[in-house]
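Chain letters run A, B, ... following the sequence lines, proteins first, then strands; residues in each count from 1.
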2 protein chains.
Amino acid sequence: MRSRSSAPTMKDIARRAHVSIGTVSRVLNGHADVDPLLRERVQSTARKMGYRLNERTRATVQAKSRMIGLILCNDFWLSAAQSLLLLGIEEHCSAEGYYVLFARHQFDSDERKLALPAVIRTPGLADCVILVGRLEEKVLKTFDRDGLSYVFLANHAEESGDASRHPVRYDDENGAYEATCYLAQLGHRDIWYLGDDSRFWQRTRYRGYLRAMGELKLEPRAHTIALSDDEFENGHSAVSYILEQQWPVTAIVAASDELAFGVREGLRQHRKEVPKDVSLIGFENQTGHSRGSNLTSVSVDMIEVGRQLAKEAIARSEAEEPFSRDVLVPASFIKRSTCRPLRKEEHMLL
Amino acid sequence: MRSRSSAPTMKDIARRAHVSIGTVSRVLNGHADVDPLLRERVQSTARKMGYRLNERTRATVQAKSRMIGLILCNDFWLSAAQSLLLLGIEEHCSAEGYYVLFARHQFDSDERKLALPAVIRTPGLADCVILVGRLEEKVLKTFDRDGLSYVFLANHAEESGDASRHPVRYDDENGAYEATCYLAQLGHRDIWYLGDDSRFWQRTRYRGYLRAMGELKLEPRAHTIALSDDEFENGHSAVSYILEQQWPVTAIVAASDELAFGVREGLRQHRKEVPKDVSLIGFENQTGHSRGSNLTSVSVDMIEVGRQLAKEAIARSEAEEPFSRDVLVPASFIKRSTCRPLRKEEHMLL
DNA sequence: CTGAAAGCGCTTACAG
DNA sequence: CTGAAAGCGCTTACAG
């Protein structure tokens, strides 16, 4: 392996091009006030020698690293949706000449010894950090207190907190609202919501459902406590329980696709079909693969959310002033084939 | 936001502790030859001022960054398995005091202008890079030619190439072999393999299947060309085609779980059940969630593969010598409930 | 327009 | 054991 230190430096270029190192820096950084002849000479010798600017030393002198950290907080797994966030973040960062540093961090539950991630704590690493995962209020407070530069995904936060934080958010609250209204328009009355409120990011979905049911004057019926970490299992067991209790249900809004798949399987085992017996809507944060399901879903473009997070992070790391802009990425409701209209008589059937 | 530049430096510590900056550096780096009194004084003032060593400038003077790059090559999506790799890499790196830089890179198909990723090209960024995704031989050659420090996942490479490369590999070839033998032991003869050989990492699975069938003197029957990028769909259509052609089949080895789920759905639509009519084995690189499937699978601990990749990358970035060690992570075969023994008479039935 | 020089925050021989 | 100094590879006022 060629040792890294053998890479040519500006000094080498300067010597070969018979100019000062300051001049080399100026032409390589595209400054205007350089003699065209010198510019040409420097550029060609830099090209010949395969020169590449050393990002690290530039960062030292400019006191910024052009690195954005993505911190997965208090969460071991990287979900499919979070992978998409990462891809969106990487896309925007690399387009802007930034680099992305990935780290997980488990915050101590004892507030007094709550250590912050090295990626942002250590000078010389990330200029700004993007927080996703399970964001507890006390963690955000610590970032505020220490004056650290960060952006966070509000959907992943326990509470949105101080308005001056200006988070990025996706609007699945409204997506859940629309989905619920759609079911009501189809004639459904017994519309259930299934989710897991210990996953912070699902709470807004529940809120959207509740808002819709309130406006529609329908009685909300929800199951928001998860029995396990496996959403498929949770969907399966929740719907089984509902059916065994013989509670009325003609439609279900599931807080995730995985949950919806579990629901479908549970229904199947109780000899019920989608959408013949029960209409079903999920939340699709997956790769967009339908998995043969044709599930009607609320869809959020998580890659776009990632791009927006990166954009904010870069803006904050470049800005002198504190930042003051909220970002809202809309959700879209995609009708596929797992819902059907209910005729009047059917209300009694179940 | 507190400006990054307000963080205390060694100079600040030195002034406050009335010592030279060299001494500060020595105690903070744990060098032995320091007077205990001075050591104590420096440590306590560093603690009081909340000092943190600047990683960037240390990197400059030591000419290594303690950053490992993970490059997803020629692949837009981060699969579930690749997410696990990332988690394993992050785990090992952060335990060793390293940082992980994530980037995607699309290599130009024209070999002459094949640009390498900034993360490794640019001095001052990653010390070594981990290559995953779809690794074409010419890309690896370019890394070799330029003497760049890298590790790659052999399962993701078009060909393993030069033996001196010493890749990390997981042994799904053997996993596929075992799975196939297991089916044969159960009495199956008409064992199919379904996969997608354009995904480099599935080719070894096919090879394992072929080796087993050869040793067993059974006729291999495989479908290794994918019709789409959606593995569920591919599984679905492949099995439908086989059934429509009325080819004999009592068992299927599917190159991924996603594919296997598609197969199961396809069988279901043809009124066939697993394992009653067809035994089914998948490859599980997922989070370990069974998705209610109870699928018999070959399982690879992708987090462990990630750890090993990171370990090699760190070793290479610290070593002076070229490196000389292959790493093989074993696969394990997990029997669940989607296979059953075949009685003699049944061979004719299909 | 250009060069000489100071500086970014460290580490590390080199004297003492 | 400790300090003064050189150096890592850049950028950026400051003179000229």
Base-pair string, DNA chain D, Watson-Crick plus G-U, cut-off 3.5 Å on both distances, | for inter-strand, is |||.||||||||.|||

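- Between Ser20(B) and dG3(D) there is a side-chain N or O to OP1 or OP2 distance below 4.0 Å.
- For the segment residues 33-52 of chain B, residues with any heavy atom less than 4.0 angstrom from an atom of DNA chain D are, sorted by number, Asp33(B), Val34(B), Asp35(B), Leu38(B).
- Under the 6.0 Å distance and 45° angle rule, Arg316(A) does not count as a cation-pi partner of Tyr150(A).
- Nucleotide dC10(D) holds its C1' atom 11 Å from the CD atom of Glu55(A), rounded to whole Å.
- Ion pairing between Arg26(A) and Asp33(A) fails under the 4.0 Å rule for side-chain N and carboxylate O.
- His18(B) has its NE2 atom 12 Å from the P atom of dG3(D), to the nearest Å.
- At a threshold of 4.0 Å, the pair Glu158(B)-Lys141(B) does not count as salt-bridged, since none of the basic side-chain nitrogens sits closer than that to a carboxylate oxygen.
- From Thr45(B), atom OG1 reaches atom CZ of Arg15(B) across 11.5 Å, with rounding to the nearest 0.5 Å.
- Of the residues listed (Asn54(A), Leu28(A), Thr23(A)), the one engaging Met10(A) in a side-chain contact (heavy atoms from CB on, under 4.5 Å) is Leu28(A), and it is the only one.
- Distance CZ (Arg56(A)) to C1' (dC10(C)): 12 Å, rounded to an integer number of Å.
- Between His156(A) and Trp201(A), the ring-plane angle classifies as tilted under the 30° and 60° cut-offs.
- Distance Lys11(A) NZ to dG3(C) P: 17 Å, rounded to the nearest Å.
- Relative orientation of the Phe107(B) and His105(B) rings is perpendicular, given thresholds of 30° and 60° on the angle between their planes.
- The NE2 atom of His31(A) sits 10.0 Å away from the CZ atom of Arg39(A) when rounded to the nearest 0.5 Å.
- Using a 3.5 Å distance cut-off with no hydrogens or angles, the side chains of Gln308(B) and Glu304(B) do pair a donor with an acceptor.
- Here OH of Tyr99(B) is found 9.5 Å from CE of Met67(A). Values are rounded to the nearest 0.5 Å.
- Rounded to whole Å, atom P of dG9(C) lies 11 Å from atom CZ of Arg15(B).
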Scoring nucleotides 11-16 of chain D by protein non-hydrogen atoms under 4.0 Å (B base, S sugar-phosphate only, - none) yields BBB---

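- The interatomic distance linking Asn54(A) (CG) with dC8(C) (P) rounds to 18 Å, in whole Å.
- Side-chain contact annotation: Thr60(A) with Thr57(A), donor-acceptor N/O pair under 3.5 Å absent.
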